[in-house]
Asks: 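Please find one structure pasted underneath; my questions will follow.
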Amino acid sequence: MKKIFVSIFFLSLISVAASAQLRIVAYNVGAFSKYSEDSTHDIAKMMHEAGADAVAVCELDSCNRRHATFQLKEFAEALGGWDFRFGAAMKWAGGAYGTGVVTECEIIDGFDINLPKGDGYEPRVCVVSETSDYVIAAVHLDHSNDTVRLEQIRLMTDELQGRYGRSRKPVFLCGDLNATPDSPTLKQLSEDWTVLSELAPTFPSDRPRICIDYILALKNRARYKVVDTAVLTEFESADVAEVSDHLPVFVDVMIK
């Protein structure tokens, strides 16, 4: 009986080791300057306080006239030297403007998906970052109308399904989708993606009224379990209503 007990004990340890819990945050940071000159370090403190392992970040400047710094690199350094990947949605003001991902673990691969846009609208990009255990795609969809957003998600989903549709590695889509839970955009996404995040209001940060920020998972062969999710409304390290006009949302997943 003792030998059997010991064997079961070590099998349990192996099972726990084979699973990894991950906290993913989606956050539109408003170029780290929505209500202050520079909220980079405040938001980095907030992400540490929140226990984030990976953050998908919308609205980033890169070496342009509004912000001369490479904002995502600066944010990753403020987090303690995290790995990062930036995707330029467009050239702007002598530099670039786009979306990115920061992760505490190493990014081993990545690519950008340039999304279609309507006449007169801003270019958008989906930034894909792959680690040894998971994939995160960060996106900021068009704000103007569902027609443009539907075109964007079709291309984005086709590309990610083509690459990861048969994979056992979970693929998380995170960002500001500029669409409410009952919109055609979310209805279309639900065919290939599962919404994991809480559908509580994320905008505006001072008096949140609508949910437009999400974390979803691709419907592929991956095995994972959602442990917790919430929209973050209070921090000790900074005032969430003063660093951005959006609230961050997180999901805890156990990757099996």
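Side chains are part of it too, since the values below use all heavy atoms of this structure and drop only hydrogens, waters and symmetry mates. Computed from a prediction, not measured in an experiment: that's the story for all the values here.
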Asks: Any side-chain heavy-atom pair from Phe235 and Pro248 closer than 4.5 angstrom?
Replies: yes
Asks: Just do the side chain to side chain donor-acceptor pair (under 3.5 Å) check on Asp146 and Thr185 with the steps written out, would you?
Replies: CA-CA 6 Å; Asp146 277 305; Thr185 297; 2.5 Å; yes
Asks: In terms of side-chain heavy atoms, does Trp82 have a donor or acceptor partner in Thr103 at a distance below 3.5 Å?
Replies: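 Thr103 and Trp82 do not have a side-chain donor-acceptor pair below 3.5 Å.
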Asks: Under the 3.5 angstrom rule, does the side chain of Thr40 hit a backbone N or O of Phe75 as a donor-acceptor pair?
Replies: no
Asks: To the closest 0.5 Å, what do you measure between CZ (Arg85) and CG (Asp109)?
Replies: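 The CZ atom of Arg85 sits 8.0 Å away from the CG atom of Asp109.
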Asks: For a 4.5 angstrom cut-off between non-hydrogen side-chain atoms, does Val171 reach Trp193?
Replies: yes
Asks: Group every Ile, Leu, Val, Met, Phe, Trp and Tyr by side-chain heavy-atom contacts under 4.5 Å, then state whether Phe84 and Met47 land in the same group.
Replies: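 In one cluster with Phe84: Met47, yes.
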Asks: Report yes if the side chains of Ile24 and Asp53 come closer than 4.5 Å at any heavy-atom pair, otherwise no.
Replies: no
Asks: I'd like to know if Ile212 and Val249 are part of one continuous hydrophobic network [Ile/Leu/Val/Met/Phe/Trp/Tyr, side-chain heavy atoms within less than 4.5 Å].
Replies: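 Shared cluster, no.
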Asks: Can you tell me if Asp142 uses its side chain to pair, donor with acceptor, with the backbone of Ser144 under 3.5 Å?
Replies: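 A pair under 3.5 Å: yes.
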Asks: State, to 0.1 Å, how close Pro116 and Val148 come at their nearest heavy-atom pair, and which atoms those are.
Replies: O-CG1, 4.2 Å
Asks: Under 4.5 Å between any side-chain heavy atoms of Ser205 and His246, yes or no?
Replies: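 When only atoms from C-beta onward are counted, His246 and Ser205 do not touch, as no gap falls below 4.5 Å.
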Asks: Is there a donor-acceptor pair under 3.5 Å between the side chain of His41 and the backbone N or O of Ala78?
Replies: no
Asks: When you group the ILVMFWY residues by side-chain heavy-atom contacts below 4.5 Å and let the links chain together, are Val125 and Leu177 in the same group?
Replies: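 Each belongs to a different hydrophobic cluster.
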Asks: Identify the heavy atoms of Arg124 and His140 that sit nearest to each other, and give their distance.
Replies: CD-O, 2.9 Å
Asks: According to a 4.5 Å side-chain heavy-atom criterion applied to Ile, Leu, Val, Met, Phe, Trp and Tyr, with indirect links allowed, do Met254 and Val195 form part of one hydrophobic cluster?
Replies: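 No: no chain of side-chain contacts under 4.5 Å links Met254 to Val195.
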Asks: Tell me whether the centres of the aromatic rings in Phe70 and Phe86 are closer together than 6.0 Å.
Replies: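 Ring centres of Phe86 and Phe70 closer than 6.0 Å.
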Asks: Just wondering, do Leu232 and Met46 contact through their side chains at under 4.5 Å, heavy atoms?
Replies: no
Asks: Using distance alone, with no hydrogens and no angle criterion, decide if Asp133 and Thr131 have a side-chain donor and acceptor under 3.5 Å apart.
Replies: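 Absent: no donor and acceptor within the cut-off.
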Asks: Evaluate the side-chain contact (heavy atoms from CB on, under 4.5 Å) criterion for residues Glu59 and Lys34: first the C-alpha distance (whole Å), next the side-chain angles of each, then the deciding distance (0.1 Å), finally the verdict.
Replies: CA-CA 10 Å; Glu59 294 193 14; Lys34 186 62 68 171; 4.1 Å; yes
Asks: Quick one: CG on Leu216 to OG on Ser190, what's the gap to the nearest 0.5 Å?
Replies: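 Between Leu216 CG and Ser190 OG, I get 9.5 Å after rounding to 0.5 Å.
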Asks: Return yes if some donor-acceptor pair links the side-chain N/O of Ser33 with the main-chain N/O of Ala31 below 3.5 Å, else return no.
Replies: yes
Asks: Do Asp176 and Val139 come close enough that some side-chain heavy atom pair is under 4.5 Å?
Replies: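 Contact flag for Asp176/Val139 side chains = no.
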Asks: Taking all atoms of both residues into account, what is the closest heavy-atom pair of Val243 and Tyr35, and its distance?
Replies: N-CD1, 4.4 Å
Asks: Rounded to the nearest 0.5 Å, how far apart are CD of Gln152 and CG of Asn178?
Replies: 9.5 Å
Asks: What class does the angle between the rings of His143 and Tyr121 fall in, given that below 30° is parallel, 30 to 60° is tilted and above 60° is perpendicular?
Replies: perpendicular
Asks: Counting heavy atoms not belonging to Lys73, are there more than 12 under 6.0 Å from its NZ?
Replies: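 Not buried by this count: 12 neighbours or fewer within 6.0 Å.
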Asks: Counting N and O atoms only, with roles assigned by atom type, does the side chain of Tyr214 sit under 3.5 Å from a partner on the main chain of Leu199, one being a donor and the other an acceptor?
Replies: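 It does not hold such a pair.
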Asks: To the nearest 0.5 angstrom, please state how far the CZ atom of Phe203 sits from the CG atom of Leu247.
Replies: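 So the CZ of Phe203 and the CG of Leu247 are separated by 10.0 Å.
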Asks: Would a distance-only check, ignoring hydrogens and angles, find a side-chain to backbone donor-acceptor pair under 3.5 Å from Thr157 to Ile153?
Replies: yes
Asks: Got a sec, which residues hit side-chain hydrogen bond (donor to acceptor under 3.5 Å, both in side chains) with Asp252, two or more places apart in sequence or on another chain?
Replies: Arg23
Asks: Indicate the atoms forming the closest heavy-atom contact of Val127 with Val101, along with that distance.
Replies: O-CG2, 4.2 Å
Asks: Does Ser197 reach the main-chain N or O of Ile215 with its side chain, forming a donor-acceptor pair under 3.5 Å?
Replies: yes
Asks: Say whether Ser237 and Glu49, considering side chains only, have a donor N or O and an acceptor N or O under 3.5 Å apart.
Replies: yes
Asks: Of the options Ile136, Val25, Ile43, Val29, which is the one that meets Val55 in a side-chain contact (heavy atoms from CB on, under 4.5 Å)?
Replies: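 Testing each of Ile136, Val25, Ile43, Val29 against Val55, the sole residue satisfying side-chain contact (heavy atoms from CB on, under 4.5 Å) is Val25.
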Asks: Heavy atoms only: give me the nearest Asp206-Pro208 pair and the separation to one decimal.
Replies: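 Closest heavy-atom pair between Asp206 and Pro208: C-CD, 3.7 Å.
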Asks: As an exercise, state the distance from SG of Cys211 to CG of Leu186, rounded to the nearest 0.5 Å.
Replies: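 It comes to 7.5 Å.
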Asks: Any side-chain heavy-atom pair from Arg166 and Asn220 closer than 4.5 angstrom?
Replies: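 Contact flag for Arg166/Asn220 side chains = no.
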Asks: Is a side-chain donor-acceptor pair under 3.5 Å present for Asp61 with Gln71?
Replies: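 No, because no side-chain N or O of Gln71 sits under 3.5 Å from a partner of the opposite role on Asp61.
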Asks: What are the two closest heavy atoms between Val57 and Leu72, and how far apart are they?
Replies: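 Looks like CG2-CD1, 4.4 Å.
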Asks: According to a hydrophobic-cluster definition based on side-chain heavy atoms being under 4.5 Å apart (Ile, Leu, Val, Met, Phe, Trp, Tyr only), do Tyr224 and Leu173 belong together?
Replies: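 Result: no, two separate clusters.
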Asks: Where the side chain of Ser39 meets the backbone of Phe32, is there a donor-acceptor pair that is under 3.5 Å apart?
Replies: yes
Asks: For Leu150 and Arg154, run side-chain contact (heavy atoms from CB on, under 4.5 Å): C-alpha distance rounded to whole Å, both residues' side-chain angles, the deciding distance at 0.1 Å, then the answer.
Replies: CA-CA 6 Å; Leu150 291 174; Arg154 286 190 194 104; 3.9 Å; yes
Asks: Mind running side-chain contact (heavy atoms from CB on, under 4.5 Å) on Thr194 and Leu196 for me, showing each step along the way?
Replies: CA-CA 6 Å; Thr194 301; Leu196 306 182; 4.1 Å; yes
Asks: Might you work through the side-chain contact (heavy atoms from CB on, under 4.5 Å) test for Ile113 and Glu159, ending with a clear yes or no?
Replies: CA-CA 8 Å; Ile113 306 171; Glu159 182 70 24; 3.6 Å; yes
Asks: Would you mind reporting whether Thr99 and Leu60 have side-chain heavy atoms less than 4.5 Å apart?
Replies: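 SC-SC contact between Leu60 and Thr99 ruled out.
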Asks: Can you tell me how far CG of Asp213 sits from SG of Cys174, rounded to the nearest 0.5 angstrom?
Replies: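 Taking SG in Cys174 and CG in Asp213, the distance rounds to 10.5 Å.
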Asks: Quick one: list whatever passes salt bridge (charged side-chain N to carboxylate O under 4.0 Å, His left out) with Glu130, sequence neighbours left out.
Replies: Lys169
Asks: On the 0 to 90° scale, with breaks at 30° and 60°, tag the Tyr164-Phe111 ring pair as parallel, tilted or perpendicular.
Replies: parallel
